[in-house]
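Take a look at the structure below.
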Amino acid sequence: MLDHNRSNLQLTTFLLLGIPGLEDAHLWISIPFCLVYLLSLMGNVALLLIIKTDRKLHEPMYFFLCMLSVADLMLTSSTLPKILSLFWFNDREIYFEACLTQMYFIHSLSTMESGFILAMAFDRFVAICHPLRHSTILTPEVIVGLGLLIVFRGAVLLSPHPFLLRWLSYCKTNVISHTYCEFMALIKLVCSETRIRRAYSVIVAFLTGGLDFIPIICSYVLILLTVFNLPSKAARLKTLSTCVSHVWVILVFYTPAFFSFLTHRFGHHIAPPVHIFIANIYLLIPPMMNPIIYGVKTKRIREGFLKFLTIKCVQLCKVCESPDNQQR
């Protein structure tokens, strides 16, 4: 009876522990988390507005970048408000259904991000290796189709995850040693056999991030072969410069992703706070860095961002200099 009652309790609420061993420092840890969240929101919103308003940026690469920014905004907004609430107000409780929903959004949106990065690699491959066919291969219809396919893949492949966990018996504890709901953190609380569910999680991770990474590497191998065949050093450097931003995005996304994956499944001797910090870096840093990378490395976006700031400053000055404000 006790086990039965405990199981029913598990199906109503969980308690997020945060970062184990660093509970007293949660308030201080929240400061960089909050700054990262604000930078992610402002950077990605600004990026979307700049690309929307500047017709020169209406190209396949930037359309895929917009899709990536939308996924970044949704990912951070599905996790950071609850994490900050946990750090600031010790709001540990989360309903079971809300926990499963958060877990689904985290994993499906991460899968979509990986797909958009692959689409951007394909754009670079076509632009450099087949420049004369770029506009005929990546037509608006193809871009929309690729975007929908990536969203569909992330939504469908990850849809079994909540159902794999929904009807299990959580008889160990209702405390999740994490800052957010994550598949591996939840599966550790289950008292029944979970081998098949763990295997499915690994297979999905390989079919998405793993298989995405392979064609990305192949694309850049072919790009390098094409670039090295160009006649002059100046032409080689100019061509490679168009890929720098995307290469940084790949490194920022996949490096913490692989570390998080490996530490969760094989790093049993790594301290829990390290696990959780790596998982949070994977979740928070790429959405913040993507607009910064493209803002710094891409001249058009940098100019668009400065133009956007100039317009806003002029509008603000006009409002401040209006007669109504002066009379007040």
Restricting to pairs with a member in residues 93-152, which pass disulfide bond (SG atoms under 2.5 Å apart), not counting sequence neighbours? Cys99-Cys181
Decide side chain to side chain contact (heavy atoms under 4.5 Å, CB included) for Phe277 and Leu22; before the verdict, give the C-alpha distance in whole Å, the side-chain angles of both, and the deciding distance to 0.1 Å. CA-CA 11 Å; Phe277 268 118; Leu22 297 176; 3.7 Å; yes
Is there a donor in the side chain of Asn290 and an acceptor in the side chain of Ser69, or the other way round, less than 3.5 Å apart? no
Please check if the side chain of Ser241 supplies one atom and the backbone of Lys238 the other of a donor-acceptor pair under 3.5 Å. yes
Check whether Thr79 reaches the backbone of Leu75 with its side chain - one donor and one acceptor, N or O, closer than 3.5 Å. yes
Grab the two heavy atoms, one from Ser108 and one from Gly154, that are nearest each other, plus how far apart they are. CB-O, 3.4 Å
Who else is in Leu207's hydrophobic cluster (ILVMFWY, side-chain heavy atoms under 4.5 Å, direct or via others)? Ile203, Phe206, Leu211, Ile214
Using only atom types and a distance under 3.5 Å, with no angle test, would you say the side chain of Asn229 pairs donor to acceptor with the backbone of Leu225? yes
Decide side chain to side chain contact (heavy atoms under 4.5 Å, CB included) for Phe96 and Thr13; before the verdict, give the C-alpha distance in whole Å, the side-chain angles of both, and the deciding distance to 0.1 Å. CA-CA 5 Å; Phe96 185 76; Thr13 59; over 6 Å; no
Leu138 versus Ile143, closest heavy-atom pair with distance: O-CD1, 3.9 Å
With a 6.0 Å cut-off on the ring centroids, do His161 and Tyr104 count as close? no
Within the structure provided, determine whether Val175 and Leu189 are in side-chain contact (heavy-atom separation under 4.5 Å). no
With heavy-atom distances below 4.5 Å as the criterion, would you say the side chains of Asp212 and Arg153 are in contact? yes
Met112 side chain near Met74 side chain, heavy-atom distance below 4.5 Å: no
Atom OH of Tyr220 and atom CZ of Arg124: how far apart are they, to the nearest 0.5 Å? 7.5 Å
Taking Leu17's backbone N and O only, do any of them form a donor-acceptor pair with His178's side chain (distance below 3.5 Å, no angle check)? no
Counterpart residues, salt bridge (Lys or Arg N to Asp or Glu O under 4.0 Å), relative to Asp91 (two or more places apart): Lys82
Co-members of Phe152 in a cluster of I, L, V, M, F, W and Y side chains, linked at under 4.5 Å: Val156
Is there side-chain contact between Ile223 and Thr239, with heavy atoms separated by less than 4.5 Å? no
Measuring from atom CD of Glu182 to atom CD1 of Ile187, what distance do you get when rounded to the nearest 0.5 angstrom? 10.5 Å
Applying side-chain contact (heavy atoms from CB on, under 4.5 Å) between Asn280 and each of Val36, Ile29, Ile285, Ile83, report the one that passes. Ile83
For Ala71 and Glu113 the tightest heavy-atom approach is CB-CG, 3.9 Å
Which residue pairs pass the ring-ring contact (aromatic ring centres under 6.0 Å, His included) test with at least one member in residues 22-55, sequence neighbours excluded? His26-Phe87, Phe33-Phe87
Going from CG on Leu68 to CZ on Phe64, what distance comes out if it is rounded to the nearest 0.5 angstrom? 11.5 Å
Please check this pair: side chain of Arg197 against backbone of Leu164, looking for a donor-acceptor N/O pair closer than 3.5 Å. yes
Take Met288 and Asn44 through the test side chain to side chain contact (heavy atoms under 4.5 Å, CB included) and record every step on the way to the result. CA-CA 8 Å; Met288 178 193 71; Asn44 284 291; over 6 Å; no
A side-chain contact here means heavy atoms from C-beta on lying under 4.5 Å apart; do Tyr294 and His246 qualify? yes
So which atom in Pro256 and which in Leu251 form the shortest heavy-atom distance, rounded to 0.1 Å? CD-O, 3.9 Å
Quick check on the 6.0 Å ring-centre criterion: do Tyr282 and Phe259 meet it? no
Measure centre to centre between the rings of His130 and Phe125, then say whether the value is under 6.0 Å. yes
Are the side chains of Ile250 and Ile117 in contact, using a 4.5 Å heavy-atom criterion? yes
Is there any disulfide bond (SG atoms under 2.5 Å apart) pair reaching into residues 12-95, and which pairs are they, with sequence neighbours excluded? none
Using atom types as modelled and distance alone, determine if a side-chain donor or acceptor of Gln102 lies under 3.5 Å from a backbone N or O of Ser78. yes
A side-chain contact here means heavy atoms from C-beta on lying under 4.5 Å apart; do Thr179 and Leu283 qualify? no
Leu80 CG to Ser40 OG distance, which is reported to the nearest 0.5 Å: 7.0 Å
Would a single hydrophobic cluster contain both Val45 and Leu38, if residues Ile, Leu, Val, Met, Phe, Trp and Tyr are joined by side-chain heavy-atom contacts under 4.5 Å? yes
Would you indicate whether Arg133, at its atom CZ, is surrounded by more than 12 heavy atoms from other residues, nucleotides or ligands within a distance under 6.0 Å? no
State plainly whether one hydrophobic cluster holds both Leu73 and Leu35, where clusters connect Ile, Leu, Val, Met, Phe, Trp and Tyr through side-chain heavy atoms under 4.5 angstrom apart. no
Do Leu65 and Leu149 belong to the same hydrophobic cluster, where Ile, Leu, Val, Met, Phe, Trp and Tyr are linked whenever their side-chain heavy atoms lie under 4.5 Å apart, directly or via other members? no
Criterion side chain to side chain contact (heavy atoms under 4.5 Å, CB included) on Ile216 and Tyr254, from CA distance to verdict: CA-CA 11 Å; Ile216 288 173; Tyr254 281 103; 3.7 Å; yes
Same apolar cluster: Leu84 and Phe89, side chain cutoff 4.5 Å: yes
Going hydrophobic residue to hydrophobic residue with side-chain gaps under 4.5 angstrom, can you get from Ile50 over to Val249? yes
Starting at CD1 of Ile128, measure out to CG of Leu222 and round the result to the nearest 0.5 Å. 11.0 Å
Interatomic distance, OH@Tyr62 vs CG@Asp54, rounded to 0.5 Å, equals 9.5 Å
Taking the side chain as C-beta and beyond, is there a heavy-atom pair between Ile301 and Leu47 under 4.5 Å? yes
Less than 6.0 angstrom separating the ring centers of Phe213 and Phe258, yes or no? yes
Of all the heavy-atom pairs spanning Ile276 and Gly18, show the shortest one and how long it is. CD1-O, 3.6 Å
Using a 3.5 Å distance criterion without hydrogens, assess whether the side chain of Ser114 forms a donor-acceptor pair with backbone atoms of Thr111. no
Which heavy atom in Gly295 sits nearest to a heavy atom in Arg302, and how many Å separate them? O-CB, 3.1 Å
